[in-house]
There are 2 protein chains.
Amino acid sequence: MRVLVVEDDRRIAADLERGLRAAGYVVETVGDGEEAWFRGDTEDYAAIILDLGLPGMDGLAVLKRWRANDRRIPVLILTARASWAERVDGIDAGADDYLPKPFRMEELLARLRSIVRRSAGHASSVISIGDITFDERQMRVTVRGSPVALSPLEYRLASYLVLHRGRVVSQHELSENIYGQEDAHDSNAVEVLVGRVRKKLGGELIETRRGFGYIVPGADA
Amino acid sequence: MRVLVVEDDRRIAADLERGLRAAGYVVETVGDGEEAWFRGDTEDYAAIILDLGLPGMDGLAVLKRWRANDRRIPVLILTARASWAERVDGIDAGADDYLPKPFRMEELLARLRSIVRRSAGHASSVISIGDITFDERQMRVTVRGSPVALSPLEYRLASYLVLHRGRVVSQHELSENIYGQEDAHDSNAVEVLVGRVRKKLGGELIETRRGFGYIVPGADA
DNA sequence: TGATCCATGTCAGCGAGCTGTCAGGCCGGG
DNA sequence: CCCGGCCTGACAGCTCGCTGACATGGATCA
């Protein structure tokens, strides 16, 4: 689960990163509005935590620009100025929830869970591609009806690719989302993982785009 | 089984807690509407017992906000003002059942079982899986007809997994629902508990999904 | 008060299987 | 033909969950 933190105060940002990572999120942090807008507009996050007091571009303006561009990523607004009027402004601009500083990490995590869950909506938890079926509820994959045992990492990789089917996913993006570390240590761990998944699910599911990454042919492909 | 009690009268709240705990529930109590809404929106409970006369935010308003956010947790409304009109309001707002004060604890427990069962999709309070039978009302388990003595915690664990069969349940979710919100200190208590339940009920009931959690194979599997 | 039992948490050891690394082979593109 | 990216089999280290043994602590009863 990838989360973008937009916060210019280094100390608070560091606290957030630590807490979120401990809760299992993959965290990226930016400190100014322009950069935040760009990242939020071009990358995929499960949620964005947005501080309102920013240099560069005001947080509310950033949020409004995302919404104007049809970005539906759930946004949790964070601010010291917790007046009621501002809260209304935030909700009007399209925020999904609002948290005044100072806050307890637990509460932030709870609200984050809440908005992520809400935005995940009610998509079916079963995805079928060819004769392969993914069941998120059971964390189980079946090929032609018979269950296949995937290890945790294999499952995460396959699940991520299937969730983003129809799009090329780079090795770097994969390792970020599977391992949650930015360290691009040279290793062929991802390649090995892809190989193992292919052996279990059949070679046609994941295609290689030499030089770019991997893709699961999707509905729009 | 985790239950949220929303009640501002300390005496009644204490009574409820005592009765519910005796019946094997993990109980959390809040006394005002804002807090109730937040908890109900961000935490997972098997059911919520909601008093209508609240400070902060009216009980009905809280309930409506949960439902607007697609929270389907079963809610049992509790109120002194037991007029027929109000009852209709409660049901309209999305309550699952309605209990006028004063009430007898037994009746509350019965209604609670009923709405929990209904929300889990079971018609009766007896659930059979293979040759194992769960009787939620009597808190008894039988294997091939002969009763098996489960300790309170063992029963809670087995019961929670059975109620959510067909879904992978993480160790974390289990310990939350068995012990209440205690900090997840590293401990293998859940693993030990699973082992003990398996020894008594047979090893096939609970499957391990390494790295994810446990699952009781369900009807929809 | 002390003996005893039962429920439950803790700990250490164990084993299966997960996973990163590496070496070598394959293959497509220049 | 070579090069760089990708694949694959082997393997060693390690993680996770299981299990038996023990400690603790509350309840019961003499």
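It should be emphasised that the depicted structure is a prediction, and the values quoted were computed from it without experimental measurement. Scope of the values below: all heavy atoms of this structure, side chains included, with no hydrogens, waters or symmetry mates.
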(message) Both R196(A) and L153(B) contact DNA chain C. Taking the nearest nucleotide for each, which residue is further toward the 5' end?
(response) L153(B)

(message) Could you tell me how far apart E207(A) (CD) and dG28(C) (C1') are, to the nearest whole angstrom?
(response) 16 Å

(message) Using OP1 and OP2 only, check whether a side-chain N or O of Y179(A) sits under 4.0 Å from dG20(C).
(response) yes

I'd like a table of atom pairs between the protein and nucleotides 16-20 of chain D - only N or O on both sides, under 3.5 Å - with the distance next to each one.
unit_1  : atom_1 : unit_2  : atom_2 : d
dC16(D) : O2     : R210(B) : NH2    : 2.6
dG17(D) : OP1    : G211(B) : N      : 3.3
dC18(D) : OP1    : R198(B) : NH1    : 2.6
dC18(D) : OP1    : T208(B) : OG1    : 2.7
dC18(D) : OP2    : Y214(B) : OH     : 2.7
dT19(D) : O4     : N188(B) : ND2    : 3.1
dG20(D) : OP2    : K199(B) : NZ     : 3.4

(message) For dT21(C) and S187(A) - does any side-chain N or O of the residue sit under 4.0 Å from the phosphate oxygens OP1/OP2?
(response) yes

(request) Starting at atom CG of L193(B), determine the distance to atom C1' of dA7(C), rounded to an integer number of angstrom. (result) 10 Å

(request) Could you tell me which residues satisfy salt bridge (Lys or Arg N to Asp or Glu O under 4.0 Å) with E191(B), sequence neighbours excluded, listed by chain and number? (result) none

(message) Run the salt bridge (Lys or Arg N to Asp or Glu O under 4.0 Å) test against R18(B) and tell me which residues pass, sequence neighbours left out.
(response) D15(B)

(request) Determine which pairs satisfy salt bridge (Lys or Arg N to Asp or Glu O under 4.0 Å) with at least one residue from residues 195-205 of chain A, sequence neighbours left out, and list them in order. (result) E154(A)-K200(A)

(request) Please name all residues satisfying salt bridge (Lys or Arg N to Asp or Glu O under 4.0 Å) with R144(B), sequence neighbours left out, ordered by chain then number. (result) D131(B)

(request) Measure from NZ on K200(A) to C1' on dT19(C) and round the result to the nearest Å. (result) 11 Å

(message) Nearest whole Å is fine: how far is dT8(C) P from E154(B) CD?
(response) 6 Å

(request) With sequence neighbours excluded, tell me which residues meet salt bridge (Lys or Arg N to Asp or Glu O under 4.0 Å) with D9(A). (result) none

(message) Return the CG to CG distance between L193(A) and L157(A), rounded to the nearest 0.5 Å.
(response) 5.0 Å

